[in-house]
> 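There's a structure below that I have some questions on.
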Amino acid sequence: MIGIIRYGAGNIFSLTSALDRLGIAYGMVHTEADLKQCDRYIIPGVGHAGAAMKKLEQTGLVPAIKALQKPTLGICVGMQLMTAYSEEGDANLLHIFPNKTLKFKDSEHFKVPHTGWNRVHQEKENPLFAGIPNDAHFYYVHSYYIEYSDAYTLASTNYTLPYSASIWHNNFYGVQFHPEKSGVYGETLLANFSKI
Amino acid sequence: MENNQQTHIPITGGLAKRIIPCLDVKDGRTVKGVNFVDLRDAGDPVELAWNYSQQGADELVFLDITATHEKRKTLVELVKSVARQINIPFTIGGGINEIADADALLNAGADKISINSAAVRNPALIDELAKAFGVQFVIVAVDTRHVANTNIVHLNGGRIATDKETLTWIKEAESRGAGEILLTSMDHDGTKAGFDNSFLKVVNDAVRIPVIASGGAGNKQHFVDVFEKTNVDAALAASVFHYGEILIPDLKDVLRGHQIEVR
């Protein structure tokens with residue numbers, strides 16, 4: 001069963017609806033005891049990364065999340081929380097990944113928030129992207145991005161610059177796009193995660 | 001990796017131009033005529049939405065024109081049904097006047113809301129919604145008409161003129177926290193003669209948020225034109241999709257043929 005970490009950052013109806021459509025079992029994680037009931041986890045999140053980190057800290061789950069050994073997928077701000085730092089709210093984050101979350105620079109050709117379907121280029125082989133064509137489009141809505149890193153970037157998207165569309169380190173995975181809103185390939189990714 | 005070779009990537013990276021069918025909904029049912037062969041119930045917005053998502057629509061807009069006091073309840077139920085079954089983003093518009101309306105729709109699974117006359121009457125609503133839910137949640141819809149060599153914001157489907165000049169209003173909406181602009185040219189709407197490309201280009205060049213073009217789509221070339229001539233982010237249409245005059249996969253093939261990035 002997937003445990004969805006609940007900390008009050010954003011609506012998860014679309015995510016649970018996608019899991020329902022796929023027939024993937026899930027439950028809500030509010031406490032450390034809840035964590036033990038699950039074999040993998042999703043950290044969702046929309047909104048302000050600094051504010052989201054404060055809410056996550058209030059749950060008391062931060063040490064347990066950092067110590068997780070089972071597959072864990074951060075989505076959007078949920079993935080940004082796994083980095084060391086965000087410019088959004090000048091906030092120190094979970095530091096599961098050493099990378100930083102930065103704001104898109106203002107530039108003539110690129111509107112912010114980055115909104116819509118963009119190509120996701122798989123940089124490494126990973127079961128998370130099994131059955132998904134390279135450079136398939138996924139749905140994005142965000143103004144902050146995780147910097148590209150050879151060590152941790154699993155897939156990249158090019159918007160003003162190449163950045164981390166997906167990150168991966170041991171049991172920790174993150175995606176900046178919204179798989180629950182990304183059509184069939186988004187559903188494939190969620191199904192892949194449920195089997196990792 | 002199956003494909004490491006460079007594909008044609010335009011200057012804006014791989015960000016696709018979006019094709020958005022718009023559905024008018026009243027009392028939980030679609031109202032405009034729909035002419036899909038495979039639909040069991042053409043009045044069922046969820047089935048119609050699912051059909052569009054399967055065709056490759058990038059996003060959907062539902063405009064609710066229900067006028068009863070049961071409105072919010074009906075709409076929330078509809079949004080839940082759509083969110084349960086549709087795997088692409090969707091926007092709800094029509095009669096959203098306050099934070100509580102938006103909050104109910106967000107919790108029911110709506111990705112964005114669209115506000116129009118409520119924002120004109122009370123511009124601070126844009127700030128409040130953006131602050132409460134984030135700019136990405138707030139589309140400001142603007143209906144515009146050419147009046148005596150200027151562009152004027154109109155309400156009630158283009159029937160009532162306001163005192164607002166359209167570009168000035170759009171820039172104000174952007175500065176207040178609109179995440180996207182849905183711009184409908186009432187002069188072009190229903191004509192099937194093409195989008196208002198000259199004004200759309202002016203608007204698109206003047207703002208830093210995505211612009212959705214609406215009003216005037218009659219054939220596939222009109223979509224090519226609006227993207228090539230104005231560089232807007234998305235194009236919305238209703239009847240050409242509902243009556244099957246344009247099928248989305250065919251439209252995307254044509255756009256791809258013009259090197260326009262699509263999903």
> Using heavy atoms and a sub-4.5 Å threshold, report which of residues 138-147 of chain A line up against chain B, by residue number.
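Within residues 138-147 of chain A, the residues that come under 4.5 Å of chain B (heavy atoms only) are A:Y139, A:V141.
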> So do A:K111 and B:V211 actually touch side chain to side chain, heavy atoms under 4.5 Å?
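They are in side-chain contact.
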> Heavy atom to heavy atom, less than 4.5 Å: which residues from residues 172-188 of chain A reach chain B?
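Within residues 172-188 of chain A, near chain B: A:E180, A:K181, A:S182, A:G183, A:V184, A:E187.
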> Search all heavy atoms of B:P89 against all heavy atoms of A:W117 and return the closest pair with its distance.
CD-CZ2, 3.9 Å
> Search all heavy atoms of B:E261 against all heavy atoms of A:R119 and return the closest pair with its distance.
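Nearest pair, atom of B:E261 first, then A:R119: OE2-NE, 2.5 Å.
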> Listed by residue number, which members of residues 15-44 of chain A have a heavy atom under 4.5 Å from any heavy atom of chain B?
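Within residues 15-44 of chain A, near chain B: A:S17, A:R21.
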> Which atom names give the shortest non-hydrogen contact between A:T115 and B:E180, and what distance separates them?
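That closest heavy-atom pairing would be CG2-OE2, 3.9 Å.
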> Search all heavy atoms of B:L15 against all heavy atoms of A:Y159 and return the closest pair with its distance.
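Reported closest heavy-atom pair: CD2-CE1, 3.7 Å.
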> At their closest point, which heavy atom of B:V135 faces which heavy atom of A:P113, and how far apart are they?
CG2-CG, 3.9 Å
> Verify the neighbour count for atom NZ of A:K103: are there more than 12 heavy atoms of other residues, nucleotides or ligands below 6.0 Å?
yes
> Among residues 79-88 of chain B, which residues come closer than 4.5 Å to chain A, judged by heavy atom distances?
B:K80, B:A83, B:R84, B:Q85, B:I86, B:N87, B:I88
> At a 4.5 Å cut-off on heavy atoms, which part of B:A110 comes close to chain A: side chain, backbone, both, or neither?
neither
